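Scroll down for the structure; my scribbles are underneath it.
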Amino acid sequence: MRQPRFFTSPSMNHPDIARGIGLSVLASALFAFLSGYTRLLAPLDGTTIFAWRILWTLVAVLLLLMWRGRARELPSAFITMLDTPQKLLCLLVMAVLLGLQQWLFLWASVNARALEVSLGYFLLPLSMVLVGRFYYHERLAPLEKLAVTCALLGVAHELWMTRAFSWTTLVVALGYPPYFILRRRIRIDSLMLFAVELLLLSPVALLMLWQADAFAQAASQPMLATVLLPLLGLASMVALASFLAAGQLLPMGLFGILGYVEPVLLVLVAMAVLGETLSPGQLGTYVPIWVAVGLTMLHSRRLMRRAAG
C-alpha cells in the first residue's frame, strides 16, 4: 500500500470550520486563564514554570493518548518524523518555535510584560491574515475585511504611541506564522504531532529543572507538586491541543482573526489579576481591537449557522 505523503495541502469544509471556531475560542479562554494562573505558582520564575509546563503537558497528552487507545501509534509517528533529514529539520524548527512561544508566554506573565505579549497577539492575527492572503491565496469576507481594518487602526495607534515594538511583541507576532505553515503541511494527526514536539522539548525542560534545583523545591511544597503543577499541565494540554487543531481545521485568515479573542482576554487578566494598568491613551489601541473581535465573532456565528444548515 502506498504511504501518504509527508507534506500535504490542507482542505477545509463547513463542519471543520464550525469545530475549528469552537476549538479556537476554547483555546483563547484557557490561555487567558493560564496567564493569571501563574500567580498561584509563586515563587517559581518564568523559566521554571515553562519547564514544568512542558513536562506536565507531556504527561497529560500521553494519558489522553492512552485513554483513547492510541499510545502505541506514538513510536511509529516519531519514527516517521525522523526518517529523512528534511523531516527531522522541520520537526526541530517546529519544536524550537513552539518552545520559544510557550516560554515567553509564561515569562512575561511573571515579569510584568503581559501587556507587551498581548500586543504581540494583537499583531499575530494580522500576520496570519497576510499569510492566508498571499501564501494560501485566501479571500476575506466583507466582515473579515472590516475586522482587519479595525485591527490595523488599533495597531497603527499603538505604533504611533510607542514608536517601536518590544522584542517580546515581535517574537509573538513573527514567530507563530512559520510554525503554522510547517505544521499545516505535515500529514500526521495534530495531537500525535503535538506529543512528538513535547517529547523533543522534554530533555531541555528536565535540564532546566535540574539546574534550578526545582525537583527539591517541588518536593518541599506538596500543594505545588500534587495539585498546582498537574493542573497547569492539564489546562495547557487542552489549550494547546485545541489551538493547534484549530490551526489545521480553519482557513489561515479566519484562524488569524479569531486570534483577537485571546489578546482581549489577556488584557483583562493583566489588569484584573496581574495588577497591570491600561492608560487612557491606550484606548485608541484596544477599542478598535475589541470592535474587530465583535465583528469576527459575528462572522464566525454566520459560518457556524451555515455549517449547521
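Numbers here simply count residues along the sequence, with the first being 1. It should be emphasised that the depicted structure is a prediction, and the values quoted were computed from it without experimental measurement.
Follow the hydrophobic side-chain contacts under 4.5 Å out from Phe33 and you reach Leu40 in the same cluster. If you chain together hydrophobic residues whose side chains sit under 4.5 Å apart, Leu130 and Val148 never meet in one group. Using a 4.5 Å cut-off between side-chain heavy atoms of Ile, Leu, Val, Met, Phe, Trp and Tyr, with links allowed through other members, Leu63 and Val238 fall into the same hydrophobic cluster. Both Leu244 and Leu100 sit in one connected hydrophobic cluster of ILVMFWY residues. Membership requires side-chain heavy atoms under 4.5 Å apart, directly or through other members. There is no path of hydrophobic side-chain contacts, each under 4.5 Å, that joins Val96 to Val196.
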Determine, stepwise, if the pair Leu153 / Val291 fulfils side chain to side chain contact (heavy atoms under 4.5 Å, CB included). CA-CA 11 Å; Leu153 289 174; Val291 173; over 6 Å; no

Please lay out, stage by stage, how Ile17 and Ile21 fare under the test side chain to side chain contact (heavy atoms under 4.5 Å, CB included). CA-CA 6 Å; Ile17 289 176; Ile21 290 171; 3.9 Å; yes

Under the side chain to side chain contact (heavy atoms under 4.5 Å, CB included) rule, what do Gln102 and Thr57 come out as? Steps first, then yes or no, please. CA-CA 11 Å; Gln102 300 316 302; Thr57 303; over 6 Å; no

Walk me through whether Leu82 and Lys87 qualify under side chain to side chain contact (heavy atoms under 4.5 Å, CB included). CA-CA 6 Å; Leu82 301 180; Lys87 296 178 185 180; over 6 Å; no

Quick one: do Thr47 and Trp103 satisfy side-chain hydrogen bond (donor to acceptor under 3.5 Å, both in side chains)? Show the steps, please. CA-CA 6 Å; Thr47 299; Trp103 169 80; 3.1 Å; yes

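In this structure, Leu182 and Ile186 approach most closely via the heavy-atom pair O-CG1, 3.4 Å. Across all their heavy atoms, Ile188 and Gln248 have their closest contact at O-NE2, 4.4 Å. Minimum interatomic distance between Leu234 and Ala60 (heavy atoms only, all atoms of both residues): CA-CB, 4.3 Å. When all heavy atoms are compared, the tightest approach of Pro125 to Gly256 is CB-O, 2.7 Å. In terms of heavy atoms, Ala239 sits closest to Phe31 at CB-CE2, 3.8 Å. Among all heavy-atom pairs drawn from Arg183 and Phe194, the shortest one is NH2-N, 3.3 Å.
Remark: Asp45 pairs with no residue by the salt bridge (Lys or Arg N to Asp or Glu O under 4.0 Å) rule, at least two apart or across chains.
Here the side chains of Val93 and Leu89 are in contact, with some heavy-atom distance below 4.5 Å. Within the 4.5 Å cutoff, side-chain heavy atoms of Leu34 are placed close to those of Phe105. In this structure the side chain of Leu232 never reaches within 4.5 angstrom of the side chain of Trp56, judged on heavy atoms. With a 4.5 Å cut-off on side-chain heavy atoms, Leu30 and Tyr37 do not count as touching. The shortest side-chain heavy-atom distance between Leu198 and Leu240 does not fall under the 4.5 Å cut-off. No side-chain heavy atom of Trp52 sits under 4.5 Å from any side-chain heavy atom of Leu228. Counting heavy atoms from C-beta on, the side chains of Cys90 and Gln86 never come closer than 4.5 Å. With a 4.5 Å cut-off on side-chain heavy atoms, Met94 and Leu200 do not count as touching.
The line from CZ of Arg70 to CH2 of Trp67 is 12.5 Å long, rounded to the nearest 0.5 Å. Between Leu146 atom CG and Leu140 atom CG the span is 11.5 Å, to the nearest 0.5 Å.
Checked against a 6.0 Å centroid threshold, the rings of Tyr176 and Phe243 count as neighbours.
Applying side chain to side chain contact (heavy atoms under 4.5 Å, CB included) to His157 and the options Thr285, Leu152, Leu283, Val287 leaves one that passes, Thr285. When each of Arg133, Glu144, Met252 is paired with Glu138, the side chain to side chain contact (heavy atoms under 4.5 Å, CB included) condition holds for Met252 and for no other.
Ser24 contributes no side-chain N or O that, together with a main-chain N or O of Ala246, makes up a donor-acceptor pair within less than 3.5 Å. Under a 3.5 Å cut-off, the side chain of Gln101 and the backbone N or O of Val171 do form a donor-acceptor pair.
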Show every donor-acceptor pair shorter than 3.5 Å between a side-chain atom in residues 205-227 and any protein atom, with sequence neighbours excluded, or say none if there are none.
from: Ser220; atom 1: OG; to: Gln217; atom 2: O; distance (Å): 2.7
from: Thr226; atom 1: OG1; to: Pro222; atom 2: O; distance (Å): 2.6

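With a 6.0 Å cutoff to the six-membered ring centre and a 45° limit on the axis angle, Arg184 counts as a cation-pi contact of Tyr136.
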